[in-house]
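So that the names make sense, note that chain A is the first sequence line, chain B the second, and so on, each numbered from 1.
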Number of protein chains: 2
Amino acid sequence: MKSISVHLDRLVRGLSKLPGIGPKSASRIAFYILKMRYEDVEALAQAMLGLKLNITQCSRCGGIADGEICPVCADETRDRGLLCIVQGAKDMLTIENTGGYRGLFHVLGGLISPLDGIGPEDLKIGRLVERCREESIREVILALNPTIEGDATALYIARQIQPLSIRVSRIAHGIPVGADLDFTDTATIVRSLENRTEL
Amino acid sequence: MKSISVHLDRLVRGLSKLPGIGPKSASRIAFYILKMRYEDVEALAQAMLGLKLNITQCSRCGGIADGEICPVCADETRDRGLLCIVQGAKDMLTIENTGGYRGLFHVLGGLISPLDGIGPEDLKIGRLVERCREESIREVILALNPTIEGDATALYIARQIQPLSIRVSRIAHGIPVGADLDFTDTATIVRSLENRTEL
């Protein structure tokens with residue numbers, strides 16, 4: 001592959017490292033950037049750096065925040081008896097954006113994964129148990145992915161919290177709404193049978 | 001949609017404007033950037049601005065260049081009798097990256113499109129005719145997209161150049177290599193029949 005411009009190549013290489021962007025998309029985006037107004041490119045570059053420089057970790061839930069505490073933890077109207085446990089800040093945002101949850105969150109910062117050398121002490125599980133003791137939480141909802149690591153982490157957390165006589169639940173795993181049984185994988189169908197609900 | 005961080009929102013909004021990136025991909029990329037090292041984010045931001053600041057137009061072919069002349073025009077080993085006409089610098093790069101073309105390029109900077117108010121005088125067609133007169137070009141290959149605008153532009157250029165007794169050709173439009181006739185659209189099949197080649 002012959003190079004026409006080192007500046008173009010540098011940007012295409014940089015963009016290709018981002019998730020979901022291959023060399024073709026990267027090239028397409030680079031040419032788009034070439035046509036953008038300089039102020040807009042500068043704003044985008046500043047937004048990238050601004051994110052890295054200004055985002056902090058919420059001191060209560062461990063999610064992302066612009067200041068000391070994130071807007072969810074700061075919101076006095078939320079149900080402070082419900083605590084939803086998520087793997088990362090992205091999952092917190094995904095649930096938040098549905099608009100269907102009014103409780104608080106706790107971000108673990110990962111999942112227990114012995115293969116990757118991540119044990120319970122590497123995650124914010126100790127802080128979670130602390131919160132369960134200090135705050136007036138009546139139910140902990142585990143919203144972890146249904147993988148081996150997610151299952152192991154859910155089990156571990158459940159064992160830590162059950163002695164505190166707090167209800168521990170897990171979000172339902174089953175057939176997605178609108179999906180076809182015929183196109184659903186075996187593991188999901190088995191889960192949906194196990195977790196069937198009475199009508 | 002509740003906002004967790006204005007910095008995150010700003011970047012997601014900025015990224016969503018790029019081609020092929022929707023709000024979900026933008027959010028995924030933003031969280032990836034959040035985990036990147038600051039130096040790497042800075043390098044990416046610099047690459048964006050560097051592209052805008054340093055890329056110039058090649059004074060010969062009208063494509064992109066880091067300096068006065070692009071590497072293709074500067075390369076003395078290229079076949080200077082062949083001139084491939086493309087719509088934009090991106091198409092030039094696409095053809096160049098195949099490694100199958102050893103001639104020179106001429107970038108029009110668009111296609112004739114009366115609906116968008118783009119006439120021949122808005123494109124580098126005058127400069128093309130000039131090049132055909134001044135340089136020792138024996139064949140002009142039109143590599144324009146097979147759209148109404150591409151066809152009109154190809155026809156217009158052919159009429160301008162034919163009086164100079166330079167051969168004018170157009171790249172073949174037909175069934176893509178490896179594609180199935182059954183999945184090919186009617187217009188392409190009709191073109192492939194019209195442009196059939198003798199064996």
Visitor: Name all pairs fulfilling the ring pair (Phe, Tyr, Trp, His ring centres under 6.0 Å) condition that reach into residues 79-103 of chain A, sequence neighbours left out, sorted by first residue then second.
Guide: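 Passing the test, one end in residues 79-103 of chain A: A/Y101-A/F105.
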
Visitor: For chain B, find its close neighbours in residues 139-166 of chain A: heavy-atom separation under 4.5 Å, sorted by number, or none.
Guide: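 Within residues 139-166 of chain A, near chain B: nothing under 4.5 Å.
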
Visitor: Would the number of heavy atoms belonging to other residues, nucleotides or ligands and lying under 6.0 Å from NZ of B/K52 be above 12?
Guide: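 Buried by this count: over 12 neighbours within 6.0 Å.
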
Visitor: Is any side-chain heavy atom of B/I4 less than 4.5 Å from a side-chain heavy atom of A/D66?
Guide: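 Answer no - side chains too far apart.
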
Visitor: Looking at B/A89, B/G63, B/C70, which makes the most heavy-atom pairs under 4.5 Å with chain A?
Guide: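 It is B/A89.
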
Visitor: For chain A, find which of B/Q46, B/M48, B/R10 contributes the most heavy-atom pairs closer than 4.5 angstrom.
Guide: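 Result: the option with the highest number of such pairs is B/M48.
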
Visitor: Please report the interatomic distance CG(A/L44) to CG(B/L11), rounded to the nearest 0.5 Å.
Guide: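 If we round to the nearest 0.5 Å, A/L44:CG and B/L11:CG are 6.5 Å apart.
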
Visitor: How long is the straight-line distance from CD1 of A/I64 back to OG of B/S5, given to the nearest 0.5 Å?
Guide: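 Going from the OG atom of B/S5 to the CD1 atom of A/I64 covers 5.0 Å.
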
Visitor: For chain A, which residues of residues 17-43 of chain B have at least one non-hydrogen atom nearer than 4.5 Å to it?
Guide: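 So far as heavy atoms go, B/K17, B/L18, B/P19, B/G20, B/I21, B/S27, B/R28, B/I29, B/A30, B/F31, B/Y32, B/I33, B/L34, B/K35, B/M36, B/R37, B/Y38, B/V41, B/E42 are the residues that approach chain A to under 4.5 Å.
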
Visitor: Through direct or indirect side-chain contacts below 4.5 angstrom among Ile, Leu, Val, Met, Phe, Trp and Tyr, which residues connect to B/I175?
Guide: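 B/L181, B/I189, B/L193, all in the cluster of B/I175.
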
Visitor: Same cluster for B/I69 and B/L128 if Ile/Leu/Val/Met/Phe/Trp/Tyr side chains link at under 4.5 Å?
Guide: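 Hydrophobic grouping puts B/I69 apart from B/L128.
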
Visitor: I'd like to know if B/L53 and A/V12 are part of one continuous hydrophobic network [Ile/Leu/Val/Met/Phe/Trp/Tyr, side-chain heavy atoms within less than 4.5 Å].
Guide: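 Yes, it is one cluster - the side chains of A/V12 and B/L53 are joined through contacts under 4.5 Å.
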
Visitor: Quick one: of B/T94, B/V6, B/T98, who has the most non-hydrogen atom pairs under 4.5 Å with chain A?
Guide: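 Counting heavy-atom pairs under 4.5 Å, the top option is B/V6.
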
